[in-house]
Asker: 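Pasting a structure below so you can have a look.
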Protein chains: 2
Amino acid sequence: MPRPPVARDKLLDAYAALLRREGERAATLDAVAAKAGVSKGGLLYHFGTKEALAEALCERMLDLGREDVEKMRTAPDGPCAYYVRTSVNTKSAFDVTYAAMIRLSQAYVAPASDALGQIHRWWMDLILEEIQEPSVAETIMLIGDGLYSYAALPGELDRPEAGGDMDGLLRQVEVLKASAKAQLAERG
Amino acid sequence: MPRPPVARDKLLDAYAALLRREGERAATLDAVAAKAGVSKGGLLYHFGTKEALAEALCERMLDLGREDVEKMRTAPDGPCAYYVRTSVNTKSAFDVTYAAMIRLSQAYVAPASDALGQIHRWWMDLILEEIQEPSVAETIMLIGDGLYSYAALPGELDRPEAGGDMDGLLRQVEVLKASAKAQLAERG
DNA sequence: GTCTATACGGCGATAGAC
DNA sequence: GTCTATCGCCGTATAGAC
């Protein structure tokens with residue numbers, strides 16, 4: 001296992017933070033290098049082009065996504081509850097990277113859209129496995145998507161409105177789960 | 001009522017279409033002017049700066065939002081069903097503008113975030129009025145937000161997966177509405 | 001591995017003709 | 001009201017020193 005240099009990681013951290021907090025346009029090579037504490041030349045030694053920098057962040061996103069999906073699979077309260085619970089914005093590495101990826105995806109960086117799509121599919125597979133009923137599974141996915149869309153909003157602000165009443169939200173997820181069972185039983 | 005020139009509208013149309021289909025970075029003054037069939041100088045006669053162009057689109061968004069909210073208020077199947085039904089991406093003026101506004105919001109154009117927040121609040125007010133129970137109202141808002149987040153994805157592609165089974169989705173909305181009634185009755 | 005200096009292109013905006 | 005021409009800035013990328 002080749003250990004990538006520390007500078008590489010610091011540059012990716014800086015890039016993700018800038019994307020998240022100031023947007024794609026502000027995440028210039030100059031700004032990223034400055035935030036990481038290296039020169040532009042230093043940055044371009046590690047990542048030959050800006051595209052390579054973006055692709056490296058996409059790789060990191062997929063790694064973090066795999067970790068998250070594994071935690072979701074083995075969550076004590078089940079994948080659905082884990083999914084909704086963790087869709088509120090925190091300052092975890094996963095959430096910061098996810099918000100950054102949304103910016104990249106919107107800037108038409110194809111690998112970013114691919115990575116987000118892949119993670120989304122992993123989530124959907126686990127939820128469908130637990131719920132069985134497709135339209136209920138989709139409904140729960142959408143609730144999580146909705147919560148993540150707040151994480152995608154500009155600014156540092158954590159909005160207490162969205163997902164503020166997480167207990168109430170999880171109660172509705174239970175209602176939907178029960179409804180799925182009933183709908184499945186009805187059809188035999 | 002002063003009727004704004006046709007060229008102004010054509011420029012806003014071009015700007016919105018470019019934002020939606022190619023992203024914020026591609027929506028340069030050159031590109032917008034070309035798409036609208038005028039020169040860059042012509043554009044800058046109508047909108048003195050790029051900021052003014054963006055703000056004009058935000059105004060248009062608020063106008064379309066007011067129209068949409070009015071339709072939602074008087075929808076025969078109720079505000080919630082209308083909201084979820086119409087949260088799938090179409091090619092209506094509202095949806096094209098909405099997708100464009102998300103791009104602007106992510107590019108940290110403050111008036112765009114403000115306009116989206118305002119429309120969101122209008123929606124929430126109507127849903128809360130119909131549902132009464134706050135956590136169910138929030139759940140339904142999130143389902144719509146989730147659907148809209150697909151509209152925010154890059155590319156022209158209409159994804160059949162999300163909101164493809166609209167009947168099933170509306171069935172779950174009914175389940176949630178019934179659950180809200182039950183929860184309210186329980187508390188007296 | 002990291003730096004400075006520089007080339008190059010593109011974007012927003014101004015000036016002024018028609 | 002719409003055009004062309006041009007300026008100045010900034011972002012990406014290269015060259016080459018240390």
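Letters go in sequence order (proteins before strands), and every chain restarts at 1.
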Asker: Taking atom P of D:dG11 as reference, at what distance in whole Å does atom CG of A:L44 sit?
Answerer: 14 Å
Asker: Charged N to carboxylate O below 4.0 Å: is that the case for A:D63 and A:R66?
Answerer: yes
Asker: Centres of the B:W123 and B:Y148 rings: under 6.0 Å?
Answerer: yes
Asker: Near DNA chain C, counting only heavy atoms under 4.0 Å, which residues of residues 28-37 of chain A show up?
Answerer: none
Asker: Specify the separation, in whole Å, of atom CD of B:E24 and atom P of D:dG11.
Answerer: 13 Å
Asker: Using 4.0 Å as the upper bound for N to carboxylate O, is an ion pair formed by B:E174 and B:R171?
Answerer: no
Asker: Quick test of your reading of the model: are B:R60 and B:D13 salt-bridged, counting only N-O distances below 4.0 Å?
Answerer: yes
Asker: Report the residue (B:A7 or A:G41) whose heavy-atom-nearest nucleotide on DNA chain D is the more 5′ of the two.
Answerer: B:A7
Asker: Between A:R25 and A:G42, which is nearer to the 5' end of DNA chain C once each is assigned its nearest nucleotide?
Answerer: A:G42
Asker: Donor-acceptor pair, distance only, cut-off 3.5 Å: does the side chain of B:Y108 make one with the backbone of A:R21?
Answerer: yes
Asker: How does DNA chain C look in dot-bracket notation if pairs are Watson-Crick or G-U with both distances under 3.5 Å, crossing ones as [ ], other-strand ones as |?
Answerer: ||||||||||||||||||
Asker: List the atom pairs, with distances to 0.1 Å, where a side-chain N or O of residues 31-45 of chain A and a protein N or O form a donor-acceptor pair under 3.5 Å, not counting sequence neighbours.
Answerer:
residue	atom	partner	partner atom	Å
A:S39	OG	A:G41	N	3.4
A:S39	OG	A:G42	N	3.1
A:K40	NZ	A:D30	OD2	3.3

Asker: Indicate yes or no: does B:D95 engage B:R20 in a salt bridge with an N to O separation below 4.0 Å.
Answerer: no
Asker: Using atom NZ of A:K40 as one end and atom P of D:dA13 as the other, report the distance to the nearest whole Å.
Answerer: 10 Å
Asker: Applying salt bridge (charged side-chain N to carboxylate O under 4.0 Å, His left out), which residue pairs with at least one partner in residues 109-131 of chain B are found, sequence neighbours left out?
Answerer: B:E130-B:K177
Asker: Please list, in 5' to 3' order, the outermost nucleotides of DNA chain C lying under 4.0 Å from any heavy atom of chain B.
Answerer: C:dC11 to C:dT14
Asker: For A:A93, check side-chain contact (heavy atoms from CB on, under 4.5 Å) against everything at least two apart and list the hits.
Answerer: A:L64
Asker: Quickly, which of B:I140, B:V136, B:L142, B:V175 forms a side chain to side chain contact (heavy atoms under 4.5 Å, CB included) with A:Q172? Name it, please.
Answerer: B:V136
Asker: Given 3.5 Å as the limit, does a donor-acceptor pair link the side chain of A:Y82 with the main chain of A:K71, or not?
Answerer: no
